Structures are given as structure tokens and as C-alpha cells.
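To start, the structure itself, in C-alpha cells.
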Amino acid sequence: MWLDLVSGLIDTGKGYLSKAADTTLPDADASLLITDSEMIANHAYSFLQRLHGTDAGQIPHQIVGPFQRWVDGLGITNTIFFRADHVANYELARFDLRPLVNNINDASQTLIDAADAVTWPFLRVTVPSQAMGMLPHFAIVGHELGHAIQNDIKVDLSSIDTATVINNLAARLASEGITLSTSAHLMMTQKVLASWVNEMKSDAIGCILAGPAFLFALGAFFELSGGGYGIGPSHPPSEMRRRLVLDRLAQSSPSQVEVFKEMTGTELTADLNSPHLRPLPSPDDLYLELKQKHGAETAAICVALMPFAEAVAPLVFDEAERVVRAAKPGMVYDAARLREDLAEHLEPLRHLVPPIEIRKGGAVHATSLAGILNVGWAGLLTQLDRIPTPSGVSTDNELPAKMEKLHELLLKAVELSEARMIWEEQV
């Protein structure tokens, strides 16, 4: 569909050149048509650049179908595509090209048809390739899809006390000789809070869709991508976000934290796979660091909002789960499903059997993407030493060779489980 837009632009540019070739046309008008055609060509090139990384050599083609199931299950109707890029980042980009198309004179019919076929805004999910390109890390895509539905997650914050935030902010600013401007600083605070809550909404969606796999992917992303404490006007601190996800996984009885330890023998802690994530310093020290980067007022707001954000988090997670359950209850990954997936697949994975299908009540069903991701992380973090070393591999390369073998098994599981799901839907 994106390429259809490019083709439509090219057709439009060709139409301009055809008109410019008319010998009866004044030179000034012909020159203008040629210039417009060049402008259209530049747009076509820019559109193609936005497709960078969408080929199967960059993003595993096996994962696109299961990702689309998450998209459909969350009720996201926008046209969407996925790509990988050589960046340590996940991103949801929105493109609304309707104004551009509508403002093009004499647009070709192919461009008009291509634009009409899209449910705007067009969404593009970017996942990192290379270092974080192994399948288990893709659990964090749930976070990016959360951004696509964040406006549907409406959180009532009226029950949370904001007076402490304002008092702490006023005291911090007073120490800098800055008088609290009620309206201006409240607007700044509300803007930061809105950004933080949107990040927590998206973390909640990722946690709800993928369970512990999301915690592991999030922690690994924070650790591998650097970025200090992660705190700023757009994001709450990384350590807090990781802990809030773990707190959610520890809810209910038995919780997913308890099930993970029961099935793997390993304690599920916040830093299980991200022990080098930079811990937060004291509020005063954090403020001094943030002040150097963002200025006194923004730094004071960020520090003052941290306790408030923690108090808000349970409300955000509850509402996010309500939204997902309303859209498609089967997408909620809970402790019971975690136990089923690990009981069925963790031991066979040690013997290089991919987690393709699961037996429940005498019936056999395809393993879900969330199940494969959790089995993959459990295998990576607790069973890697028990996976056979591929033949011909030296001792120095043993660990990366095992990780690559695990990655291949998981990709095969995603491919075959998706094939089984499609088959089950047709019979």
C-alpha cells in the first residue's frame, strides 16, 4: 500500500511532464510543470526512504503475521507496517499524507486510489536490528502498539493527591530562587505528567500482552541502549518503569513471578537480565544531574512527579487491562498461560524442539506469540547452559552459537505456529 502511494506520485509526475511536452504551452507554464514534477519525485524518494528496513533481510518475515494479530486484537484499524533499523530504539511513527495528496494539483487516479485505500494515519513500527534483533526482544513491540491505543486508556487521576507534588515543586524552585508560577508551572507539570502516563500506558499494554517476556525485553533495551537514568520530560525513569512492570507481574495468586520461579527454579527479579541498569540516586542528586541537562524548572518537575507517578501506575495498569479485555480477552497473558507454556515447552527446548503447539484438554493448539517469547526468555536466561553446543563450535564461540541456535528455534516456532493458526481458522 505504501508502494502504491509511491507509484501514484510517480504517475502524477509523469502526467506533469506529459503536459509540459505540449509545444503549444507557454514556456513559463511548461517550466512550472517540470518544477512541480521534480517536487513530486522528491516526495517519492522520501517515501521510499521511510521503507528502509522493511525487507526480509532486516526484519524476520515470520514475525509480521503474529505482530499483525496483536494489532488486530487491540482493535488498531490503521494501516501499519514493521521495519528494522540499525538503531537501539523502538519507535511508533505516524504518517498522515492526506493533506499532501489533497494539495497536489491534477493528482493521478492511481495516487487518489492509493490514498483512499489507506486507513490514516499510516503507522510504522520500528524494531532494532543486530544487537537487539533476537526474537525475545521483540516483546517490546507491545509497548509501541500501546502508543497506538493510548488515547483509549482513560485514567481517572482525581483520587490521587497532587498537593504533595506542588509543595515539593515549590520548595525545590524556591531553593533556586524561583517563585512558583501557579499557572505556568502547572501547565508544564501537566505536560510532563501526560507524557509519563502515556509511557506507563504503553508499558502496561506490553506487560498485558507478553507477561515476563516484556519485563525482560524492556530491561534489556534500557541496559543496551544506555541513556543514563532514562528520566526526562518525555519519560519516567527506566528503573521505575522496570519495577512497576515487575510489581504488576507479582500481583494475583499465584502470580507470574511465582510461576516463573516454580517452573525454572530461578527467582524473577527486576534485574535478572539487566543488572547494569543505572540505579537512581537520591532525589537531590538526581535533581542536580537533571538540572544540567534540562534546566532547573524541568528538573524540579521531574523529581517532584516521581512519587505521583508510582501512585498512578496501578490505576494505569488496571485501565489498560480493562481496555484489552474489552477488545479481546484472550490477549491477556496471565500466570495460568505462563505455567502451561513453560510446562509444555521449556524441557523440550533444551533438546532443540521449538515451541510450536500446546496440548490443552486433549486438543492441540498453536502456541501464541506471547508463549513463544516467554519460553524463549526462560530458555535464554535459565537453560542456555543445558542446550547442546552446535557441532564444530569452539569454546570461545559456544555461548553466541547457542544463542543463535535458540533464535533459529524460536523463529521456526513462530513460523509454524502461525501456519497452524491459519489452518485452524480455515477448518
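Since the model is a prediction, treat every value here as computed from it, not as a measurement. The basis for the numbers below is simple: all heavy atoms, side chains too, and nothing from hydrogens, waters or symmetry mates.
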Subject >> Arg124 bridged to Glu91 by N-O distance under 4.0 Å >> reply: yes
Original post:
Is the side chain of Asp106 donor-acceptor paired with the backbone N or O of Thr12 at a distance under 3.5 Å, no angle test?
Top reply: no
Subject >> Electrostatic pair Arg248-Asp318, nearest N-O below 4.0 angstrom >> reply: yes
Original post:
Checking Lys19 side chain against Leu33 main chain: does a donor-acceptor pair fall under 3.5 Å?
Top reply: no
Original post:
Does the pair Glu408/Lys412 count as a salt bridge with the N-to-O cut at 4.0 Å?
Top reply: no
Original post:
Between Lys402 and Glu398, does at least one N-O distance fall below 4.0 Å, as a salt bridge requires?
Top reply: yes
Original post:
Does the His407 side chain pair with the main chain of Met403, one donor and one acceptor, at a distance under 3.5 Å?
Top reply: no
Original post:
Is a side-chain donor or acceptor of Thr382 paired with a backbone partner of Gly379 at a separation under 3.5 angstrom?
Top reply: no
Original post:
Do Arg172 and Asp284 sit within salt-bridge range, that is, some charged N less than 4.0 Å from a carboxylate O?
Top reply: yes
**OP:** Decide if the gap between the ring center of Phe82 and the ring center of Phe138 is smaller than 6.0 angstrom.
**Re:** no
Original post:
Any Lys/Arg nitrogen of Glu344 or Lys360 sitting under 4.0 Å from an Asp/Glu carboxylate oxygen of the other?
Top reply: no
**OP:** Can you label the angle between the Tyr90 ring and the Phe221 ring as parallel, tilted or perpendicular, going by 30° and 60°?
**Re:** perpendicular
Subject >> Residues Glu289 and Lys293 bridged, charged N to O under 4.0 Å >> reply: no
**OP:** Classify the side-chain pair Gln68/Asp72 by whether it contains a donor and acceptor separated by less than 3.5 Å.
**Re:** yes
Original post:
Between Phe47 and Trp2, how do the two ring planes meet: parallel, tilted or perpendicular, split at 30° and 60°?
Top reply: tilted
Original post:
Is any side-chain N of the basic residue among Glu340 and Arg337 closer than 4.0 Å to the acidic one's carboxylate O?
Top reply: no
Original post:
Under 30°, 30 to 60°, or over 60°: which ring-plane class applies to Phe67 and Trp70, parallel, tilted or perpendicular?
Top reply: tilted
Subject >> Partners meeting side chain to side chain contact (heavy atoms under 4.5 Å, CB included) with Met39 (sequence neighbours left out) >> reply: His43
**OP:** Let me see the working for Glu223 and Arg278 under side chain to side chain contact (heavy atoms under 4.5 Å, CB included), right down to the final yes or no.
**Re:** CA-CA 8 Å; Glu223 188 175 84; Arg278 194 177 179 191; over 6 Å; no
